[in-house]
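One structure is given here, and the rest of the page talks about it.
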Amino acid sequence: MVKTVLDKGWLAARSTEVEINGVQLTTTQPPTQPLNSPWMEAAVPGTVLGTLLKNKLIPDPFYGLENESIIDIADSGREHYTFWFFTTFECKLSNNQHVDLNFRAINYSAEVYLNGHKEVLPKGMFRRHSIDITDILHPDGQNLLAVLVYPPDHPGRIPPEGGQGGDHEIAKDVAAQYVEGWDWMTPIRDRNTGIWDEVSITVTGPVKIVDPHLASSFFDGYKRVYLHSTVELVNKNALVAECSLNIQVSTELQDGTFLVEHLETQHVSISAGATIHYTFPQLYFYKPNLWWPNGMGKQHLYNVEITVNVKGYGESDTWSHHFGFRKIESHIDSATGGRLFKVNDQPIFIRGGNWILSDGLLRLSKERYKTDIRFHADMNFNMMRCWGGGLAERPEFYDYCDLYGLLVWQEFWITGDCDGRGDPVSNPDGPLDHDLFLLCARDTIKLLRNHPSLALWVGGNEQVPPPDINAALKNDLQLHPYYMNSNNSGTSTITPVIKDPSQYLDGTRIYVQGSMWDGFADGKGDFSDGPYEIQNPEDFFKHDYYQYGFNPEVGNVGMPVAATIRATMPPEGWQIPLFKKLSNGYIEEVPNPIWTYHKYIPYSKPEKVHDQILSYGKPKDLDDFCLKAQLVNYVQYRALLEGYTSQMWSKYTGVLIWKTQNPWTGLRGQFYDHLLDQTAGFYGCRSAAEPIHVQLNLATYSVEVVNTTSEELSNVAIEASVWDLEGECPYYKTSEKLTVPPKKAISTFEMKYPKSKNPKPVYFLLLKLYDVSDNRIYSRNFYWLHLTGGDYKLLEPFRERRPPLKITSLTFIKGSSYEMRMHIQNTSKKPDSNAPLYRNNFIRRNGSCDELDSSESFDLLDGEKHEISLYEKIRRNFSREHNKAKVSEVNGTGKGVAFFLHFSVHASKEENKKGEDTRILPVHYSDNYFSLVPGEVMTVTISFEVPPGVTPRVTLHGWNHHDVHTVL
């Protein structure tokens, strides 16, 4: 197969402004250059709104209040957002070749005109369309294509008060429901109308391969594994096709070469014009490399290629897909009542997040997906839930989840708010066309089912589908016996079954009817997820915080950094909230109207939580407010995950945070903003969710060790040190040797400094879990704490105590890619040679995302001996065209903790306009918002891409390093 993606050269025009029809557009009167109104350059894939923004015909709907100036489809009528899209392509065929025009998705229906011929693309946002255009291609190879795209049939109207899914009318269609707005999202004015996913042409011979299904089965403790595969074959010819059907399985070696592990050939005869389903004989593998979720092991992927050769023609079509051998099971845990997941027979404690989509204008790309998914892996998450009001995510999303080890919970397009439980009460019968819903569901299953990261299907968000749809999905998605909870992987023989696993529509992963049913929340569908606001950090650890075993949604704050506010709002949006004191002593935050529009969540909850930003002192301006918000973000999200993990298996089986990011410039529930800059909450999660972790139970002050891995942790100990604001260490303790069983959280000793004589009202606690034999560190965790009933206001004068720093950077450059090792030392005290943990030599953990063995970087940066493995890794990835080392000294004013340090990367310019956003984004940091006690050393890895013609500048900023220091 030869595939050509049609993603360039598209034009667009509003249908009411085009006076000719599709036949004329694609024969005698195509748009001509230079473009004349109403034609403009189009965003394909994309939406009408994206096209209008691209041509600056509307303001940026995600900036300030600009969305209010864009007419909503409810007021303009559907015709206002009904658009023509036009392009040309070249395609000439040889004898017996066939060509299809493919739309992977459009919203919502369309008419397609090619060289004067018309085809109709029926309704539905989540279905593929393929048109055989062999007989209507132009003889000279130059082809004219026009597509008239219609919006959803029921775009709805946005009530003055907003609401969850507007007036809920959008749910009558099979489409994304978030487009009418939510409590975290502004309405999308065109309801995402457009050719929003890939358009392509594919050229094959007489026989075409359609939707192969790959599945695997496991026996003898995963020593004996079988690959099952079924393929649909379509003979487009008027003659019988004698076919040689091949399946090849290969794996990539470290040097980039591929090892072919299996090659099977079968003969198939297909009648003229017929479609058949062919199942290959199962392929046997002995101890194949398994695919594991993030934090449990490596994500081994094999490449499966299926080819059909037709006698008298040659290679007719080929299909390839990466595939991971893994078995996912789940059941309702008797101890907790929560749903428990197992991967390859190993229980996995779920820590992840809810996902809407990358961008509300559907500006989707491989590059954006790669960053999105890597960010989730960087936070040590192992699951993402694709929320039912959003998308059936795209194959590129799943490609990166496969690569980075993120399990995916994929919901269908049902929400409680729009499908029977909203305010006002919405229609409980789902979309008007139930057959269309099921058609889209089945097509989505075929599109995504071969991805190892796809863990489960769920009928809807906070609601189940209507009974007939729910029953059909249960039937369609019934498990194959090999995937039922029966421990088949331990049997010695294959149990006879009626059908090969690959003959099922799926059969390898469960279907759960709704997000609060069957082991999620209370399991009965009551509104028992949440809460969604600021909390007292210690509450997360209390047994009565959440009473069910698996929380599918728990939300919190999400204020970004000040630079993002300035980049996404006009100056009137830079005003920080007013702090209104209530009669009960609590504070009510009153945000400016722009923050309210962007769905700001306050950092106080009157009657329950005192304002967490004010606990650090009243903020002076936007920069001060946002920095203090980052302190709170870090504390809130670390405590959330540590609280759930503290009760792993005894009370909980998993938790998903609502939510990890926003598809627009929202101000709630996010770990990185829409511009791709991380909040401090990102790094609080990264710390709390590491596979092996030491933590402080904020309710009991017991020091705990969490081991989520499948191996026992032995010969380890904990170092606990308290540091006051003067840089002294009034409390120091090391534990006895510990043994931590696999998949276990244990309590060790109580941190008793607050009970000591004359404890300081504000202090720092540094915990380190280390290997006793070589002092290498498994986990490091830094807290700032106050005594019961106190606050952090003493940190305000502490800002003037600036300890000196020494920063050594090693930079490798390959083209536009930068890789940096930043070696930071707090030089306010000479390290104690008898306390080698100051070096923070971390242990490398297999299967974790981008884990850095710090000792290798330390040695390299210190100019001492270095490990050849690190050198070779860097040398292979970065040529010697550019590499440089630099040492920076930051003078200080005294001994103390270097608190809340964070790097950022900027474009270096001689002159910056006032308020100009100079950040280079995205940037991947191995850690950020970190602190160093006197004498301590840390290594941070930074990687990023630099736009053409830009020189990067790396800066360091901190709580008590408030001047910006340029370190590169």
Side-chain angles (χ1 to χ4, degrees), residues 47-50 52 58 61-62 65-82 105 107-109 123-126 149-194 196 354-362 386-392 411-433 436-437 440 460-463 596-599 658-659 662-666 668-669:
T47 64
V48 169
L49 219 59
L52 295 174
I58 59 169
F62 297 165
L65 299 177
E66 295 290 6
N67 195 52
E68 289 298 286
S69 67
I70 302 172
I71 191 168
D72 192 80
I73 193 171
D75 300 313
S76 67
R78 291 175 67 245
E79 62 279 0
H80 184 77
Y81 289 112
T82 300
N107 190 28
Y108 184 62
S109 60
K123 299 172 184 179
M125 185 174 179
F126 304 109
V149 180
Y150 295 94
D153 291 351
H154 302 88
R157 180 173 294 276
I158 313 303
E161 66 275 12
Q164 311 287 82
D167 63 1
H168 315 309
E169 283 290 294
I170 192 69
K172 292 181 178 178
D173 297 328
V174 184
Q177 297 180 6
Y178 80 94
V179 293
E180 279 203 69
W182 229 266
D183 60 2
W184 44 265
M185 184 72 194
T186 191
I188 304 297
R189 300 305 186 190
D190 69 344
R191 308 296 190 263
N192 283 160
T193 300
W196 68 275
N354 285 267
W355 168 265
I356 313 301
L357 70 162
S358 275
D359 179 69
L361 300 187
L362 300 186
C386 293
W387 176 73
L391 303 181
E411 281 177 6
F412 296 109
W413 317 284
I414 296 287
T415 69
D417 294 283
C418 292
D419 293 287
R421 310 180 81 175
D423 182 15
V425 175
S426 48
N427 170 31
D429 295 327
L432 296 180
D433 190 337
L436 173 60
F437 186 99
C440 290
N461 164 65
E462 298 178 342
Q463 179 61 299
T596 298
Y597 191 80
H598 285 251
K599 316 296 185 178
W658 182 267
K659 47 195 177 18
N662 279 297
W664 76 304
T665 51
R668 65 166 59 191

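Here the structure is a predicted model, which is why all the values come from computation and not from measurement. Below, all heavy atoms of this structure are taken into account, side chains as well, without hydrogens, waters or symmetry copies.
Shown here for A171 and C418, the closest heavy-atom pair between the two residues is CB-O, 3.4 Å. Nearest heavy atoms, G124 versus C440: CA-SG, 4.2 Å. Taking all atoms of both residues into account, the shortest heavy-atom contact from G416 to S426 is O-OG, 3.8 Å. Residues A74 and G156 share a closest heavy-atom pair of CB-O, 3.2 Å. Across all their heavy atoms, P663 and L357 have their closest contact at CB-O, 3.4 Å.
Between W355 and C386, the closest side-chain pair of non-hydrogen atoms falls below 4.5 Å. Residues Y178 and T415 are not in side-chain contact: their nearest non-hydrogen atoms beyond the backbone lie 4.5 Å or more apart. Looking at heavy atoms from C-beta onward, R191 lies out of side-chain contact with Y81 at the 4.5 angstrom threshold. Taking 4.5 Å as the limit, every side-chain heavy atom of P155 sits out of range of all side-chain heavy atoms of T193. Side chains of M125 and V174 form no contact here, defined as non-hydrogen atoms less than 4.5 Å apart. Considering only heavy atoms from C-beta on, I73 stays 4.5 Å or farther from H80 through its side chain. Taking 4.5 Å as the limit, every side-chain heavy atom of D423 sits out of range of all side-chain heavy atoms of Q164. Looking only at side-chain heavy atoms (C-beta outward), P431 and W413 stay at 4.5 Å or farther from each other.
For the atom pair F62 CZ and N67 CG, the distance stands at 7.5 Å (nearest 0.5 Å). Rounded to the nearest 0.5 angstrom, I356 CD1 and W658 CH2 are separated by 3.5 Å. The distance from the CH2 atom of W184 to the CH2 atom of W664 is 10.5 Å, given to the nearest 0.5 Å. Atom CG in N107 sits 7.5 Å away from atom CZ in F126 (nearest 0.5 Å). Between I414 atom CD1 and R421 atom CZ the span is 12.5 Å, to the nearest 0.5 Å. One distance of note links CZ of R668 with NE2 of H598; it measures 13.0 Å at 0.5 Å rounding.
When atom types are taken as modelled, the side chain of D173 and the backbone of H154 share a donor-acceptor pair closer than 3.5 angstrom. Judged by distance alone, with hydrogens and angles left aside, the side-chain atoms of Q463 form no donor-acceptor pair with the main-chain N or O of D417 at under 3.5 Å.
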Worked check of side chain to side chain contact (heavy atoms under 4.5 Å, CB included) between R189 and I71: CA-CA 7 Å; R189 300 305 186 190; I71 191 168; over 6 Å; no
How far apart are the C-alpha atoms of L391 and L362, what are their side-chain angles, what is the distance that settles it, and do they pass the side chain to side chain contact (heavy atoms under 4.5 Å, CB included) test? CA-CA 10 Å; L391 303 181; L362 300 186; 4.1 Å; yes
For L49 and I70: C-alpha separation, side-chain torsions, deciding distance, then whether side chain to side chain contact (heavy atoms under 4.5 Å, CB included) applies. CA-CA 10 Å; L49 219 59; I70 302 172; 4.2 Å; yes
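Checked against salt bridge (Lys or Arg N to Asp or Glu O under 4.0 Å), D153 has the following partners two or more places apart in sequence or in another chain: R78, K123. Considering only residues two or more places apart in sequence or on other chains, R157 meets the salt bridge (Lys or Arg N to Asp or Glu O under 4.0 Å) condition with D75. In this view, K172 and E169 satisfy the salt bridge (Lys or Arg N to Asp or Glu O under 4.0 Å) rule, not counting sequence neighbours.
Looking at Y597 and T186, their side chains do bring a donor and an acceptor atom within 3.5 Å of each other. Between W387 and N461, the side chains place a donor N or O and an acceptor N or O closer than 3.5 Å (distance only, hydrogens not considered). Side-chain contact of Q177 with D419: a donor-acceptor pair under 3.5 Å is present, judged by distance alone.
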